[in-house]
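For reference, the structure discussed in these notes is given below.
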Amino acid sequence: MTGNKQYSFFEDVYDVVRLIPEGRVTSYGAVAAYLGAKMSSRMVGWAMNGAANVSPPVPAQRVVNRIGMLTGKHHFGEPYAMQKLLEAEGLTIENDKILNFQKAYWNPLEELAI
DNA sequence: CGATTGACGTACG
DNA sequence: TCGTACGCCAATC
């Protein structure tokens, strides 16, 4: 193909994150596991680093770490932007952590199936 | 080109 | 149970 557009790990990450329904959240490891690279969970976080630069926009606010903590809130321009977005979707955040995270957890391995 | 960092996760003490 | 160390791969310095 003349297009050098190679399907990178990042492209797959963005695609999965866009499939996250509103009011639901998932973890970096879950996305990585769905892509078959659960040990490379850091790459998912790094992919999100460029998520704000891709189109269509990726709901990176729905992706948090395994404990439901908004570790990447500082990457949204405003630290509280991520929390506001999640609260607007019906989630409850306290102390930078999602309450009932396990209840709102959206597992691509089960929802999207392999 | 080598070393360090990073939006994580697991293993070990 | 909690804290620390290591591994993952890519980007940056």
Side-chain angles (χ1 to χ4, degrees):
Chain A
M1 296 297 283
T2 54
N4 292 334
K5 181 66 172 302
Q6 297 179 345
Y7 280 101
S8 300
F9 184 81
F10 297 44
E11 294 288 335
D12 292 339
V13 172
Y14 302 147
D15 187 46
V16 175
V17 174
R18 289 186 201 121
L19 295 174
I20 300 172
E22 187 175 304
R24 297 284 182 173
V25 290
T26 191
S27 63
Y28 302 96
V31 178
Y34 176 74
L35 299 176
K38 64 180 182 179
M39 287 189 172
S40 302
S41 53
R42 285 185 131 171
M43 297 302 88
V44 178
W46 193 252
M48 298 269 90
N49 205 341
N53 194 25
V54 298
S55 179
V58 179
Q61 73 277 11
R62 294 175 187 159
V63 184
V64 295
N65 62 1
R66 72 175 186 88
I67 64 176
M69 182 184 267
L70 283 61
T71 49
K73 64 177 184 179
H74 287 287
H75 295 259
F76 282 77
E78 295 183 18
Y80 292 95
M82 186 175 186
Q83 181 173 337
K84 288 179 180 177
L85 289 169
L86 292 172
E87 288 179 336
E89 295 183 359
L91 293 171
T92 305
I93 316 278
E94 184 174 303
N95 195 12
D96 297 336
K97 186 175 64 182
I98 299 174
L99 298 181
N100 301 326
F101 169 67
Q102 193 174 29
K103 185 177 180 180
Y105 186 74
W106 180 81
N107 191 342
L109 291 172
E110 294 181 355
E111 299 296 331
L112 299 178
I114 304 176

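Proteins get letters first, then strands, A, B, ... in listed order; numbering begins at 1 in each. The model shown is predicted, which means the values in this text are computed figures rather than measured ones.
- If you check every strand for non-hydrogen atoms under 4.0 Å, A/N65 touches sugar and phosphate atoms only.
- Checking side-chain atoms of A/Y14 against main-chain N and O of A/A47 turns up a donor-acceptor pair under 3.5 Å.
- For a distance-only test at 3.5 Å, the side chain of A/R42 fails to qualify as a donor-acceptor partner of the base of B/dG9.
- Between A/K73 and A/P79, the shortest heavy-atom distance links the atoms CB-O, 3.3 Å.
- If you measure from atom CG of A/N53 to atom C1' of C/dA11, you get 14 Å, rounded to the nearest angstrom.
- Although no hydrogens or angles enter the test, the distance criterion places a donor-acceptor pair under 3.5 Å between the side chain of A/T26 and the main chain of A/W106.
- Rounded to an integer number of Å, the gap from CD1 of A/I67 to P of B/dG9 is 8 Å.
- For A/T71 and B/dC8, the shortest distance from a side-chain N or O to OP1 or OP2 is below 4.0 Å.
- Taking atom NZ on A/K97 and atom C1' on B/dA7, their separation rounds to 18 Å, with Å as the unit.
- A salt bridge links A/E89 with A/R62: the distance from a Lys NZ or Arg NE/NH1/NH2 to an Asp or Glu carboxylate oxygen falls below 4.0 Å.
- What separates OH of A/Y34 from C1' of B/dG9 is a distance of 21 Å, to the nearest Å.
- Summarising the geometry, the separation between CZ on A/F9 and C1' on B/dC8 is reported as 11 Å, rounded to the nearest angstrom.
- Side-chain N/O atoms of A/S40 and base N/O atoms of C/dC8 include no donor-acceptor pair closer than 3.5 Å.
- The shortest non-hydrogen separation linking A/G23 to A/L91 is O-CD2, 3.4 Å.
- Counting non-hydrogen atoms under 4.0 angstrom, A/A51 reaches nothing in the nucleic acid.
- Rounded to whole angstrom, the span from the CE atom of A/M43 across to the P atom of B/dT5 amounts to 15 Å.
- For the pair A/F10 CZ and C/dA11 P, the interatomic distance rounds to 5 Å; values are reported in whole Å.
- A straight line from OH of A/Y28 to P of C/dA10 spans 19 Å, rounded to a whole angstrom.
- Of the candidates B/dA7, B/dC8, C/dA11, the closest approach to any side-chain atom of A/S41 belongs to B/dC8.
- The side chain of A/M48 lies closest to B/dA7, out of B/dG6, B/dC8, B/dA7.
- Residue A/M39 places its side chain closer to C/dC8 than to any other of B/dG6, C/dC8, B/dA7.
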